[in-house]
Amino acid sequence: TVHLDPEFIDPEDADFTLPETSSLLTFGDDGRGIGDPRWAPTALMPKVFKVEAGEGGLQAAIDAASDGDTIELVTGGGIYLEVVPLEIDKSLTFMASKSLAGKPIIRASNSGEAFFKVTGSDPKLQIENIEIDGTDGAGGSVGKYFVRLDNGDVNGSVVLKVLDCVSHDFSDKHIKAYPDCGIDSLIVDNSIFYGGAKEGITLYSGSSGDAPAIIDYASFTNSTFYDIKREAIKGQTYDMTKVILDRNTFYNVGYDKKSMIYFRDMTDVEVKNSIFVKNQHTDTDKFADFASDVSLFHNNAVWDVVNFEVGKATVTDTVNLDPEFADPENGDFMLPETSPLLVFADDGGAIGDPRWVIDSGKVFLTVVANGQGSIALDPPGGVYDPGASVTMTATPSSDWAFVGWSDNVAVFPPDNPVATITINENTLVTAFFESMVTKYTLEVSAYGLGEITADPQPNEQGAYDEGTEVTL
């Protein structure tokens, strides 16, 4: 955001046209002008180049386009065959026409190159609703990368947005940032990546000995990554990048004994509302690796991994639970209608890529036990029509007592084990149980230089159950 006189032509008489030399004409987050588009100089209005499927059409459009223009792919399911790389040194949007029956498909007629190579210091490249096919159409992999970010300018401010795309079957990585590449933001949303011979997306060159890519912000949301040999997303060498992963689905990632996600040196990473399934990393290494406990890993589900440990990040609200995907080996990660993961997100919604959630019009009641006990629902099932009345009955295990419900349940007295609620939206309820075993505190003191540690640690109240063996 800037403090800058837009120099309207005649604002007192309601003419807010910008001058042709205004820097605001390329200041939008898509590389276009800001403000009401009617006030852009007619000569500088962004153009739209409509391209039919065929050979070389995209390169011709790039050559003809100016900064901020749009290249529209108009043939649904059509093959756009290009000699790559398509070099990008200006702000451009590549997008499919609205309401096409299928995504336009970009393929390369040559091998061993990136499809898009960003070389300008500050272009904004947006790719939307397109399939990027790394094969030759007959199963052979010819594409090296989907996007190569390589401007060589540490002060650069590249913006890359990949929205509603499918990228698959590349011989190396899908997206790679090169050394000394200055990047303002890398944004992936509502997209699918599969079939990678190395990593999916790297926020650095791939070599820890290289100069870092200078990335301010990276976000990966509402997306799916599967059948990728190494890490789906990997960052290293630059510690100032803010990284967000929210509502993603990962399956069969890191099958070459690598982590599923990996962030070394990067200390501001948040991973939430995501599903991680099938990783064959070694039992001494983690399926998810981080550099600092400042990074957060929460409201996630993990299943079928050799080592469930998350390296260094602070982990909360995470479960080891089979998501019961419909047909994961064939790329169908739909969750069953009764899945507790449909209400496990930090906002009460479903976790994982939202495309794999059936909108049945039903609402979900998930009840979890804090402590040892069980909860019965009447009517049973946990899936109801909005407005349904459901009675919950909590039964403690032996030597445990029920002590209350979470704050979203109104019942008197508060420790009444039977409560009835009306369900109008997806709801998560917690039933709290407390151990009735006699508890003792253990006080230790050190005289002189040294410290004393206890294994196991006491509970949150600083006490142990009677009979607990403690090693000092």
Side-chain angles (χ1 to χ4, degrees), residues 246-247 272-273 275 296-301 314-324 335-352 354 357-442 456-468:
D246 187 10
R247 283 191 163 91
K272 64 178 183 175
N273 303 328
I275 302 174
L296 304 176
F297 188 92
H298 63 93
N299 296 90
N300 300 304
T314 297
V315 181
T316 56
D317 300 311
T318 291
V319 294
N320 298 329
L321 180 69
D322 183 356
E324 301 181 74
L335 294 173
E337 289 189 7
T338 57
S339 174
L341 301 183
L342 294 172
V343 293
F344 196 68
D346 60 356
D347 60 4
I351 67 173
V357 176
I358 298 174
D359 183 7
S360 63
K362 302 284 188 179
V363 292
F364 302 89
L365 171 61
T366 300
V367 184
V368 297
N370 185 309
Q372 295 185 24
S374 61
I375 303 95
L377 303 179
D378 183 21
V383 182
Y384 307 99
D385 293 321
S389 180
V390 183
T391 298
M392 305 176 295
T393 302
T395 303
S397 299
S398 178
D399 294 326
W400 287 75
F402 174 76
V403 294
W405 301 97
S406 50
D407 291 340
N408 56 348
V409 177
V411 65
F412 184 83
D415 61 353
N416 188 340
V418 179
T420 299
I421 60 174
T422 300
I423 304 298
N424 291 303
E425 60 185 0
N426 294 339
T427 302
L428 175 65
V429 170
T430 302
F432 294 94
F433 299 90
E434 183 177 275
S435 173
M436 299 303 293
V437 175
T438 303
K439 297 177 177 60
Y440 298 95
T441 58
L442 173 64
Q457 293 290 312
N459 64 19
E460 293 179 357
Q461 289 73 42
Y464 293 95
D465 287 347
E466 184 178 49
T468 302

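- Inspection of the T420 and T391 side chains reveals an N or O donor paired with an N or O acceptor under 3.5 Å.
- In terms of heavy-atom proximity, P379 sits nearest to V390 at O-CG1, 4.2 Å.
- Side chain of N416 to main chain of P414: no donor-acceptor pair is present (N/O by atom type, distance under 3.5 Å, no hydrogens or angles).
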### Task
Before giving the answer on side chain to side chain contact (heavy atoms under 4.5 Å, CB included), spell out for W405 and V411 the whole-Å C-alpha distance, their side-chain angles and the decisive distance to 0.1 Å.
CA-CA 8 Å; W405 301 97; V411 65; 3.7 Å; yes
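- Annotation for D385 and K362: closest pair OD1-NZ, 2.8 Å, computed over non-hydrogen atoms.
- Contact check for T393 versus D378: no side-chain heavy atoms found under the 4.5 Å cut-off.
- Of all heavy-atom pairs between E337 and L342, the closest is O-CD1, 3.3 Å.
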#### Entry: Stepwise side chain to side chain contact (heavy atoms under 4.5 Å, CB included) check, L335 with E324
CA-CA 6 Å; L335 294 173; E324 301 181 74; over 6 Å; no
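- Within the 3.5 Å criterion, the main-chain N or O of G387 finds a donor-acceptor partner in the side chain of N424.
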### Query
After noting the C-alpha distance and the side-chain angles of L377 and V367, does the key distance pass the side chain to side chain contact (heavy atoms under 4.5 Å, CB included) rule?
CA-CA 9 Å; L377 303 179; V367 184; 3.9 Å; yes
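- K272 has no carboxylate O lying under 4.0 Å from a charged side-chain N of D347, or vice versa, which leaves the two without a salt bridge.
- Formation of a donor-acceptor pair under 3.5 Å by the T318 side chain with backbone atoms of T316 is found in this model.
- Across all their heavy atoms, A350 and A345 have their closest contact at O-CB, 3.6 Å.
- You'll find the side chain of S339 stays beyond 4.5 Å of the side chain of F344, heavy atoms only.
- Side chain of Y440 to backbone of T468: no donor-acceptor contact under 3.5 angstrom is found.
- Put simply, the side chain of V418 does not reach to within 4.5 Å of the side chain of M392, judged on heavy atoms.
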### Message
For R247 and I351: C-alpha separation, side-chain torsions, deciding distance, then whether side chain to side chain contact (heavy atoms under 4.5 Å, CB included) applies.
### Response
CA-CA 6 Å; R247 283 191 163 91; I351 67 173; 5.7 Å; no
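- When side chains are defined from C-beta on, D415 does not count as touching V403, because their heavy atoms never get closer than 4.5 Å.
- Of the residues listed (D246, N300, N299), the one engaging N273 in a side chain to side chain donor-acceptor pair (under 3.5 Å) is D246, and it is the only one.
- Side-chain atoms of I423 and P386, non-hydrogen and from C-beta on, never get closer than 4.5 Å to each other.
- Other residues, nucleotides and ligands contribute more than 12 heavy atoms inside 6.0 Å of the CG atom of N320.
- Residues D465 and S435 form a side-chain contact, since some pair of their non-hydrogen atoms from C-beta on lies under 4.5 Å apart.
- Using a 4.5 Å cut-off on side-chain heavy atoms (C-beta onward), Q372 and W400 make contact.
- Considering only residues two or more places apart in sequence or on other chains, Y384 meets the ring pair (Phe, Tyr, Trp, His ring centres under 6.0 Å) condition with none of them.
- Among all heavy-atom pairs drawn from G348 and N426, the shortest one is O-CB, 3.7 Å.
- Within the 3.5 Å criterion, the main-chain N or O of L428 finds a donor-acceptor partner in the side chain of N408.
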